[in-house]
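Below, read A as the first sequence line, B as the second, and so on, with proteins coming before strands; counting in each chain starts at 1. Below, each value reflects all heavy atoms present in this structure, side chains not excepted, and no hydrogens, waters or symmetry copies.
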Amino acid sequence: MKSNLAILLLPVLLVTGFLALPLLAVFLKVLPQEGVWATLQQPLVTEALRLSVITSLSSLLLAVVFGTPIAYLLARCHLPGAALLDTLIDLPMVLPPTVAGVALLMAFGRRGLLGSWLDAVGIHIGFTTVAVILAQSFVSMPFYIRAARAGFQSVDQELERVAYTLGHSAFSTFLRVTVPLALPALLGGAVMAWARALGEFGATIMFAGNLIGRTQTMPLAIYIAMESDLTAALVLSAILVLVSFSVLLLVRSLLRRSPFGAYA
Amino acid sequence: MLQSKCRIACSVLRVPFLFTLLLLALFLGEFSRSTVLEPWSTLVFDTVYAQETLRPSGELSVFAAASLTEPFTEMGKRLEMAYPGLKVVYNFGGSPALRTQLEQGAHADVFASADAIQMEQAKKGEVVQGETPIFVKNRLVVITPKANPGKVTEFRDLAKPGLKLDLANAKVPVGNYSRQAFSKASAEYGSGFEKSVLGNIVSEEENVKQVVTKVQLGEADAGIVYVSDVTPKVSKDVLTVAIPDAYNQLATYPIALTKGVQNRAAAEVFIAFVLSAEGQAILKAFHFIPVKE
């Protein structure tokens, strides 16, 4: 019995060490660096932070606004071709971000399928913050839709029917019964989508370009800073690790306290 | 009973069988490639270096500025033909990116930078050793998409309001040279020129080839690259606009052995080849400016 436990313990230790060591190394390397505070005030860092917050939250908003109805539809209705739609929505999750970058360029680029029409009427997406949000939405939306669909599916339809019979409208039932019951899944999906948007790199640098304050988000700034200013790269990395860790922790504790936590 | 045993044997045997098949395919691929190249190999570059006692072989790793992609690839092919058993492996990228990789412990035998600044920093970072000779020069040029949506016909048009200008970032040699050209031109065009041009930048790329791509795709109205980057393939999609000689920064490319060189014989032969008449002729053919005619 004891030896069995040891066999289990070994991979646990190995994996924990493997995951924790690189993240720990970022902090151990950044702390002794001189001028961490000065680096935090550099435009490269502050602008990247500001831009990342704005764009990742915008993509999240888009995902929730447009993703929720789609997820509900997929969970409740048996549409013809639903399997195809399902696969299409999941696709960006498994595609390499570089493929997303090429694809977005071919669609929304200046000579792209839609981009050339937009260009003709004077709308330019390339090299703008909008392009960053598009790139982030493309790769992150599926994470929310997937989770939300599973959440809606787990809601007992009997409860919805009861709400109808008690005189609630369809919309009110959705807001007062379905959404609260699916909330843990919705929140979890939202956090995953937000995190994916925050970390988006490949599609952004290919499709949106790289300019401080307009398209240079934190991952891009880290990549560029690695060549000239290691401290800035370390500081930005440390911030991303800290923020991501605390958000994940917060959501976990929120879900545990929520009365619907059992559904998570 | 017999059947089930058979099935187990079959499934066990399948793995090594597939593995052998894969090896065979790889071997055949290698073999067919070397036979294709065979007839050439005796033709080229047999004159000076082949007689030397040291015959380079094994893998040679070269880190070179992105603008050197075409001539260095050609040189690698010729060296591989002249020295069977030698394999030249390249890592092309922005000079600062390559220097950083070297400083972080990446293995290379040779480093070729597109400006003296990155080579100096590599020396300071103790990742290169010995001489750092300048082996070639290069000139800047403005490129626009063939349709020229920004209507750029001369250098000063880069200051047109609303123009989408794509440059390499200031740390990348071509980005640094471009910005020097703007500041020089400001003396004549007025100080507003530099300010308006810098205000037109829509993206700062990490190496020169990304600037080429953004203009080729028509995403940017104009970009500044090296004359040598306008290869026949690229010239189908772009127009070039000359930068007046008075402002055009001449890029200088130094080359060096790295500190961690592992294949010294091959590295020395490579650098000698780059500086040789044949190497310089290849660079010239790709529109670089040779240092030795």
Go through the side-chain N and O atoms of B:N169 and B:E205 and say whether any donor and acceptor fall under 3.5 Å apart. no
Before accepting this row, confirm whether a basic side-chain N of the pair B:K209/B:D229 lies closer than 4.0 Å to the acidic partner's carboxylate O. yes
Exactly one of B:S95, B:S113, B:S67 should register a side chain to side chain donor-acceptor pair (under 3.5 Å) with B:Y253. Which one does? B:S67
Examine whether an atom of A:R111 lies under 4.5 Å from a heavy atom of chain B, and if so say whether it belongs to the side chain, the backbone or both; otherwise answer neither. both
Chain A shares the most heavy-atom pairs under 4.5 Å, among B:Q101, B:K171, B:E206, with B:E206
Check ion pair B:K124-B:E120 (N to O, under 4.0 angstrom): no
Heavy-atom cut-off 4.5 Å, strictly under: side chain, backbone, both or neither for A:M206 against chain B? backbone
Is the side chain of A:Q136 donor-acceptor paired with the backbone N or O of A:A197 at a distance under 3.5 Å, no angle test? yes
Indicate yes or no: does B:D221 engage A:R110 in a salt bridge with an N to O separation below 4.0 Å. yes
Proximal to chain B - members of residues 112-120 of chain A, heavy-atom separation under 4.5 Å: none
In terms of heavy-atom pairs under 4.5 Å with chain B, which of A:Q216, A:M106, A:H124 leads? A:H124
Consider only side-chain N and O atoms of B:S61 and B:D109, and report whether a donor and an acceptor are under 3.5 Å apart. no
Hey, can you tell me if B:Y226 and B:Y177 have their rings parallel, tilted or perpendicular (30° and 60° cut-offs)? perpendicular
Per-residue tally against chain A (heavy atom, under 4.5 Å) across B:A97, B:A147, B:P149 peaks at B:A97
Determine yes or no for a side-chain-to-main-chain donor-acceptor pair under 3.5 angstrom, with B:D166 supplying the side chain and B:A220 the backbone. no
Lys/Arg-Asp/Glu bridge criterion (N-O < 4.0 Å) met for B:E204, B:R179: yes
Contact part of B:T100 toward chain A, heavy-atom cut-off under 4.5 Å: side chain, backbone, both or neither? side chain
Determine the option with the most heavy-atom pairs under 4.5 angstrom with chain B, choosing from A:I205, A:L211, A:T128. A:L211
If one checks every heavy atom of B:L98 against chain A at 4.5 Å, the contacting part turns out to be neither
